[in-house]
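Below: the structure, in structure tokens.
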Amino acid sequence: MKLLNRSLLHLMSWLLLIISLWSVVFYFNMLDEIKDSVDEELENYKRQIVSRAEKDSTILHQKTFDEGFFSVNPISKKEALHFKDTYEDTEIYAQDADDEAPELEPVRVLTTVFEQNENFYELKIFNNMVEEDDLVKELLWDAAGLYVLLIFSILVINNLVLQKLWKPFYDLLYDLKNYRLGAGKNFPKAETKTKEFSDLQDAVTTLLDYSEKTYEQQKEFIGNASHELQTPLAIAISKLELLMERENFTDNQAEKIAEILEIIERLVRLNKSLLLLTKIENKQFFDNKEVSVNEIVTKNITDLEDIADFKEVKISSKENAKLSVNADSALINIIVSNLLRNAIFHNIKNGKVEVEISEHYLIVRNTGVPKTLEQEKIFTRFQKNQQNQSGTGLGLAIVKAIAELYGFSVSYEFKNEMHEFKVKF
């Protein structure tokens, strides 16, 4: 999720909480204000009724609310002296003009006393209150409308203002994603006046400059190692071969020299594999193009037929679809070659190798030791079969490194008495 969307999600959650709390506080404040206003009206009605009672004594005989919005009942002087004005929220039956039956309506009642001609009377006055259910409903809709309005406003501001503000950051991020070490010295750069983005760009430039220097040093080392190590090894092999041809050795001596030759040749293969692995991890392959996996598989099967016949292993292939990938053809060839060689060399007499190509997969199956290999170790470096110690132990590690370089996935499974290696492109 993008940073802007994540911040917007947090903002929406906090706004919902704040508006909900604000609505509760606003509701009680509004209710308190309404009650204060109603109480003032009730006090005003009290003064008017007491004033009218002095001129019209019939008012003193209105004992219930049936005749109006107040009632008057005589009380004793003792009760009157100890009486305090009270306000009460209650409900009474009232009938609207359009209603057939009376309904309970919320009212606020003032209970007070007054004196008239040395007689004391209890006066009850009511005034209609707003219905709390209606108030809550109205407030809920208002709060929801306010929340929607705020979110809409934030979305507009986010698209018009914040995206423009964050544009240098996204430009820098885009350039970083497409940057490749060794491809050039033009470091990613974004035009901005924002201090934080400028500091980020300076830090990225410093880091990339250091990475470029380290990369060049590693590249130079790999080139030197490839030349300086391969040359003396090749010379040693040539001299040993000439020595064996020209000199008369005993069988035991010739066997010892053959062992030395095998060790040196193994060292050559190991050196080449390590250098290749380093180049892959340093992403020194940039010749990407559309490559036909079907063609590479066919060519490798043809090249390895003699070795397979010598090992008494039968190779078969099945093409369910045409499979093409955008990658360096040399690396795809290494994937196919290593998987096939691994399947041939770690096989059994009269064994078989099955290659299957589908729209997105390359599968190589082979017979061999009838048990599951350690999946957590099989793609690590220098893992060898106990029965075959002549290999470098880097073949599958190289396959894994190439897969990770291009975002492919490679997996191993043992099923139906076959070892299965699957590459998903």
Side-chain angles (χ1 to χ4, degrees), residues 273 276-277 279-281 283 285-375 377-380 383 385 388 391-425:
S273 298
L276 174 62
L277 196 55
K279 285 183 178 181
I280 293 170
E281 291 175 345
K283 301 181 180 179
F285 293 87
F286 297 104
D287 188 20
N288 292 344
K289 59 184 178 181
E290 201 69 20
V291 180
S292 172
V293 177
N294 302 65
E295 294 178 3
I296 292 177
V297 169
T298 301
K299 183 179 181 301
N300 274 274
I301 290 176
T302 302
D303 293 341
L304 294 170
E305 277 183 349
D306 292 339
I307 299 176
D309 291 340
F310 178 76
K311 292 283 187 179
E312 298 183 35
V313 174
K314 183 180 179 182
I315 304 177
S316 62
S317 64
K318 179 181 179 182
E319 296 184 5
N320 299 320
K322 295 294 183 182
L323 175 58
S324 297
V325 293
N326 188 272
D328 191 298
S329 59
L331 295 184
I332 301 302
N333 186 74
I334 290 171
I335 287 180
V336 175
S337 175
N338 283 10
L339 288 177
L340 286 175
R341 288 176 179 274
N342 180 77
I344 294 170
F345 284 106
H346 295 89
N347 217 307
I348 56 176
K349 188 176 181 180
N350 297 321
K352 59 182 179 178
V353 175
E354 297 176 354
V355 183
E356 183 179 342
I357 303 173
S358 61
E359 189 176 357
H360 299 289
Y361 294 94
L362 168 65
I363 301 174
V364 178
R365 304 182 185 91
N366 67 277
T367 52
V369 179
K371 65 177 182 178
T372 304
L373 303 177
E374 296 182 72
Q375 296 192 29
K377 295 182 179 181
I378 193 170
F379 293 106
T380 57
Q383 290 298 316
N385 191 315
N388 187 356
T392 62
L394 293 172
L396 293 178
I398 291 174
V399 171
K400 182 72 171 179
I402 297 173
E404 290 177 348
L405 176 65
Y406 286 106
F408 306 151
S409 66
V410 56
S411 60
Y412 163 78
E413 191 176 2
F414 181 73
K415 62 181 181 180
N416 299 326
E417 301 299 319
M418 300 275 282
H419 299 276
E420 178 180 293
F421 292 87
K422 180 189 289 186
V423 182
K424 181 181 180 183
F425 295 95

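Everything numeric here is computed off the predicted structure, so don't read it as measured data.
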Task: Side chains of P370 and E417 in contact at under 4.5 Å (non-hydrogen atoms) - done: yes

Task: Interatomic spacing from OG in S329 to CD1 in I296 - rounded to 0.5 Å - done: 6.0 Å

Task: Shortest non-hydrogen contact between V369 and F414, atoms and distance - done: O-CE1, 4.1 Å

- [ ] Check the pair E354 / K318 against side chain to side chain contact (heavy atoms under 4.5 Å, CB included), numbers first and verdict last.
- [x] CA-CA 8 Å; E354 297 176 354; K318 179 181 179 182; over 6 Å; no

Task: Least distance between heavy atoms, L362 atom then I357 atom - done: CD1-CG1, 4.0 Å

Open item on the list: If you define the side chain from C-beta out and look only at heavy atoms, does anything of I307 sit under 4.5 Å from F345?
Closed with: yes

Task: Atom pair CD1 (I398) and CG (N338), whose distance is rounded to the nearest 0.5 Å - done: 5.5 Å

- [ ] Spell out, as yes or no, whether a donor-acceptor pair under 3.5 Å connects the side chain of N294 to the backbone of L323.
- [x] yes

TODO: Please report the C-alpha distance between V293 and I335 in whole Å, then the side-chain angles of each, then the deciding distance to 0.1 Å, and finally whether the side chain to side chain contact (heavy atoms under 4.5 Å, CB included) criterion is met.
DONE: CA-CA 10 Å; V293 177; I335 287 180; over 6 Å; no

Task: Sub-4.5 Å side-chain heavy-atom contact between N300 and V297 - done: no

TODO: Can you see which heavy atom on S324 is nearest to which on S292, and at what distance?
DONE: OG-CA, 4.1 Å

Task: Pairwise distance CD(E356) to CD(E319) - rounded to 0.5 angstrom - done: 11.0 Å

Task: Contact list for residues 293-305, test salt bridge (charged side-chain N to carboxylate O under 4.0 Å, His left out), sequence neighbours left out - done: K299-D303

TODO: Working to the nearest 0.5 Å, report the span between CD1 of I348 and OG1 of T367.
DONE: 4.0 Å

Task: E420/R365 salt bridge by N-O under 4.0 Å criterion - done: yes

Task: From OH (Y361) to NZ (K422), nearest 0.5 Å - done: 5.5 Å

- [ ] State, with a plain yes or no, whether a side-chain heavy atom of L339 is found less than 4.5 Å away from one of L396.
- [x] yes

Task: Test side chain to side chain donor-acceptor pair (under 3.5 Å) applied to Y406 and D328, N326, N288, the passing residue - done: N288

Open item on the list: A side-chain contact here means heavy atoms from C-beta on lying under 4.5 Å apart; do S317 and I301 qualify?
Closed with: yes

Task: Test item: V355 and I363 side chains (from C-beta on) under 4.5 Å apart, heavy atoms - done: no

TODO: Report yes if some heavy atom in the side chain of H419 is under 4.5 Å from a heavy atom in the side chain of Y412; otherwise report no.
DONE: yes

Task: Distance, nearest 0.5 Å, that separates CG of L340 from CG of N366 - done: 10.0 Å

Task: is_close_aromatic(F425, H360), centroid dist under 6.0 Å - done: no

- [ ] Could you tell me whether the side chain of N347 and the main chain of E312 form a donor-acceptor pair under 3.5 Å?
- [x] no

Task: N320 and S358 side chains, donor-acceptor separation under 3.5 Å - done: no

- [ ] State whether the number of non-hydrogen atoms from other residues, nucleotides or ligands found under 6.0 Å of E290 atom CD is greater than 12.
- [x] yes

TODO: Under the side chain to side chain contact (heavy atoms under 4.5 Å, CB included) rule, what do F421 and V399 come out as? Steps first, then yes or no, please.
DONE: CA-CA 11 Å; F421 292 87; V399 171; over 6 Å; no

